[in-house]
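To find a chain, count down the sequence lines: A is the first, B the second, and so on, and within it residues start at 1.
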Number of protein chains: 2
Amino acid sequence: MKLLETVRWRDGRVRILDQTLLPGAEVYPELGTVEEVCGAIRTLAVRGAPAIGVAGALGLALAARELEPTGRSLPDLWREFLAAHARLAAVRPTAVNLRWALDRVRDRCETALGELAAAGPADREGALACLRTVSLREGEAILEEDLALSRAMAGHGFPLLPAAGTVVTHCNTGGLATAGGGTALGVVMEAAGRGKRLFVCVDETRPLLQGARLTAWELARAGIPFAVQCDGAAAWRMKTRRVDAVLVGADRVAANGDTANKLGTFSLALAAREFGVPFWVVAPRSSFDLSVASGEQIPIEERAEDEVLCWGGVRSTPEGARAWNPAFDVTPAALISGWITERGVERPPFAA
Amino acid sequence: MKLLETVRWRDGRVRILDQTLLPGAEVYPELGTVEEVCGAIRTLAVRGAPAIGVAGALGLALAARELEPTGRSLPDLWREFLAAHARLAAVRPTAVNLRWALDRVRDRCETALGELAAAGPADREGALACLRTVSLREGEAILEEDLALSRAMAGHGFPLLPAAGTVVTHCNTGGLATAGGGTALGVVMEAAGRGKRLFVCVDETRPLLQGARLTAWELARAGIPFAVQCDGAAAWRMKTRRVDAVLVGADRVAANGDTANKLGTFSLALAAREFGVPFWVVAPRSSFDLSVASGEQIPIEERAEDEVLCWGGVRSTPEGARAWNPAFDVTPAALISGWITERGVERPPFAA
């Protein structure tokens with residue numbers, strides 16, 4: 001099956017698959033500016049912790065191209081580059097991959113510029129060329145690594161699933177949530193690809209239906225049988241029919257294992273514990289933030305109330321109604337069976 | 001505040017408030033046939049266990065009016081009346097109030113016809129007039145009693161709520177779910193009316209958004225502050241902010257206290273237990289089915305997949321996607337703090 005091209009660098013632009021239009025249309029807009037990348041991340045045209053890390057990194061490569069050297073000193077240009085970094089980092093606060101990827105590109109550029117300066121007198125044109133080359137190279141490296149990380153997680157995760165059975169997923173954790181591989185759904189795809197007969201209960205994932213729209217689209221594309229269910233249905237499913245595992249992604253894992261993920265994950269974990277169903281978090285190490293001791297220190301993004309109050313442009317609530325719309329919740333480590341990363345199945349305390 | 005006229009008898013027809021059009025429009029269609037009543041119950045134009053009981057009872061009064069005596073014997077007419085009873089009872093299988101109300105009207109009519117026959121020779125016209133009078137009188141009695149039951153439940157329930165605090169509700173359990181009073185939301189309204197300062201977290205209640213559409217509409221009408229939240233949000237709300245109580249309705253309560261209610265209730269109850277939040281079921285005794293030992297014997301209605309797959313006529317899932325759409329789940333008695341009925345706060349074993 002052809003890998004999804006969620007985020008790619010194409011001829012000096014960032015080409016994304018616009019996830020807001022799925023499953024109705026498969027459209028690949030090309031983003032030419034940092035602001036367009038910020039907009040795409042903000043509106044969830046590109047989403048999923050690993051995918052927004054890649055998009056952010058390539059966004060910084062765009063930022064280096066946007067720098068206008070005329071009449072500006074090298075320190076001015078670097079400050080502008082850092083400002084672009086800050087704008088990208090601020091778009092979504094919960095997933096740590098975005099900041100991790102941006103910091104990595106920035107640090108690599110800083111090192112390269114330092115090496116350039118050490119080699120001889122400062123040359124603004126040469127420094128700018130270096131910044132453009134290194135930022136793009138690092139962004140592309142993060143993208144390539146992300147594909148490799150997905151393969152590694154899939155390899156570590158698939159043996160945990162039965163030869164035949166039912167799994168529950170929440171939100172979208174497939175190719176669309178990464179550079180094209182997948183975290184939790186990548187494990188399911190790998191297991192199915194190796195002949196395991198899996199049925200997937202797809203939490204629709206309100207308010208933006210990433211399960212119903214995106215996971216369903218990926219599973220249909222892969223020919224894996226599934227049924228979409230309301231988010232409140234998982235506990236009843238576990239009570240009345242066999243469920244063998246729950247697999248979810250992560251937006252940020254704290255040092256103690258508390259895991260921020262799409263709203264509804266915590267509820268799903270409580271149900272899994274009630275019925276003794278293994279509950280796996282599948283995430284690359286770039287989603288781990290060991291500087292944060294526990295889930296209480298993870299900032300939780302609250303998104304626009306209209307995401308809950310309206311659907312398809314039509315208001316479903318009375319005029320004046322308010323909504324509470326946290327995009328994520330934190331599942332306590334005690335409810336999680338294990339964290340499947342590129343290193344294997346890990347448990348806290350996590351090795352640095 | 002004016003009582004909602006969810007279901008009423010008006011000039012030989014059943015007038016309902018069409019809940020499928022709320023909150024956008026407040027429309028009161030008049031139903032003139034049993035088939036129209038069946039349709040209104042099937043499409044959830046009238047919904048909520050007590051409300052469909054009342055609608056079913058008045059539907060039987062319509063059935064008595066639809067009987068065409070020419071060329072038919074009294075036993076023929078009675079068989080037709082029973083057939084209408086069966087058609088109405090079959091529309092929705094989980095809520096026991098519908099069958100309870102229909103049986104009550106039927107039994108009252110049977111008794112009246114028996115008394116009439118005992119008084120003198122059978123008179124087809126007289127028997128038909130008796131059937132029409134008694135069925136309507138019994139239907140109207142069920143309606144009036146339902147309003148009184150709501151008042152009694154509200155009276156028993158409001159002392160359980162704090163003078164100021166936050167409650168979580170699921171689905172719609174207000175005037176719209178009854179003849180105009182309310183079960184769980186009726187308790188909240190009563191408490192607010194008596195000066196308790198309550199904030200209501202309204203589970204939107206997928207797939208048909210009875211919380212976002214109907215509960216929000218009732219709370220806005222009553223001037224009680226609230227916020228709509230996704231169904232998966234309650235656990236996170238309890239973890240991060242104080243929640244003082246959960247109040248839900250019931251479609252059927254088994255003898256051991258297992259309680260069938262709108263899908264998602266079970267998940268909500270697991271969250272409430274996790275955080276020690278009192279979880280109250282508010283339902284009239286007509287929602288109790290002591291002939292059923294436990295929740296495992298309660299039939300759970302599965303509704304059309306398109307309720308999950310589409311919204312507002314627009315498909316949100318890829319072509320060919322399937323859905324699992326049980327309308328209800330069963331919350332085990334052990335997760336429920338108490339059952340607020342017209343008799344007070346009860347716990348199993350329930351007095352007959």
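- Interface with chain A: from residues 300-309 of chain B, residues Ile300(B), Glu302(B), Val308(B), Leu309(B) qualify, criterion being any non-hydrogen pair under 4.5 Å.
- Arg241(A) CZ: more than 12 foreign heavy atoms inside a 6.0 Å radius.
- Heavy atoms of Thr240(B) lying under 4.5 Å from chain A belong exclusively to its side chain.
- Taking Leu268(B), Thr215(B), Val330(B), Val314(B) one by one and counting their heavy-atom pairs under 4.5 Å with chain A, the maximum is reached by Val330(B).
- Atom CZ of Arg213(A) and atom OG1 of Thr317(B) lie 11.0 Å apart (nearest 0.5 Å).
- For chain B, the option among Pro225(A), Ser316(A), Ala216(A), Ser267(A) with the highest count of heavy-atom pairs below 4.5 Å is Ser316(A).
- Ranked by heavy-atom pairs under 4.5 Å with chain B, the list Ala321(A), Ala212(A), Gly264(A) is led by Ala212(A).
- Residue Val202(B) does not touch chain A at all, counting heavy-atom pairs closer than 4.5 Å.
- Note: Ala235(A) leads Pro332(A), Gly320(A), Gly24(A), Ala235(A) in heavy-atom pairs under 4.5 Å with chain B.
- For Lys239(B), the part lying under 4.5 angstrom from a heavy atom of chain A is the side chain only.
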Pair Met238(B)-Phe266(A), side-chain contact (heavy atoms from CB on, under 4.5 Å): steps then yes or no: CA-CA 11 Å; Met238(B) 293 175 190; Phe266(A) 178 27; over 6 Å; no

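- The line from CZ of Arg322(A) to CZ of Phe226(B) is 10.0 Å long, rounded to the nearest 0.5 Å.
- Most heavy-atom pairs under 4.5 Å with chain B, from the set Pro207(A), Ala233(A), Ala220(A): that is Ala233(A).
- Only the side chain of Arg273(B) comes within contact range of chain A, with heavy atoms under 4.5 Å apart.
- Contacts with chain B were tallied for Arg221(A), Arg315(A), Glu204(A); Glu204(A) has the most, counting heavy-atom pairs under 4.5 Å.
- The choice from Gln229(A), Glu274(A), Glu296(A) that makes the most heavy-atom pairs within less than 4.5 Å of chain B is Glu274(A).
- Distance CZ/Arg206(B) to CG/Asp203(A): 12.0 Å, rounded to 0.5 Å.
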Passes side-chain contact (heavy atoms from CB on, under 4.5 Å), Leu263(A) versus Trp236(B)? Steps please. CA-CA 8 Å; Leu263(A) 184 78; Trp236(B) 185 236; 4.3 Å; yes

Is there a side-chain contact (heavy atoms from CB on, under 4.5 Å) between Glu319(B) and Trp217(A)? Walk through the geometry before answering. CA-CA 9 Å; Glu319(B) 273 309 315; Trp217(A) 183 75; over 6 Å; no

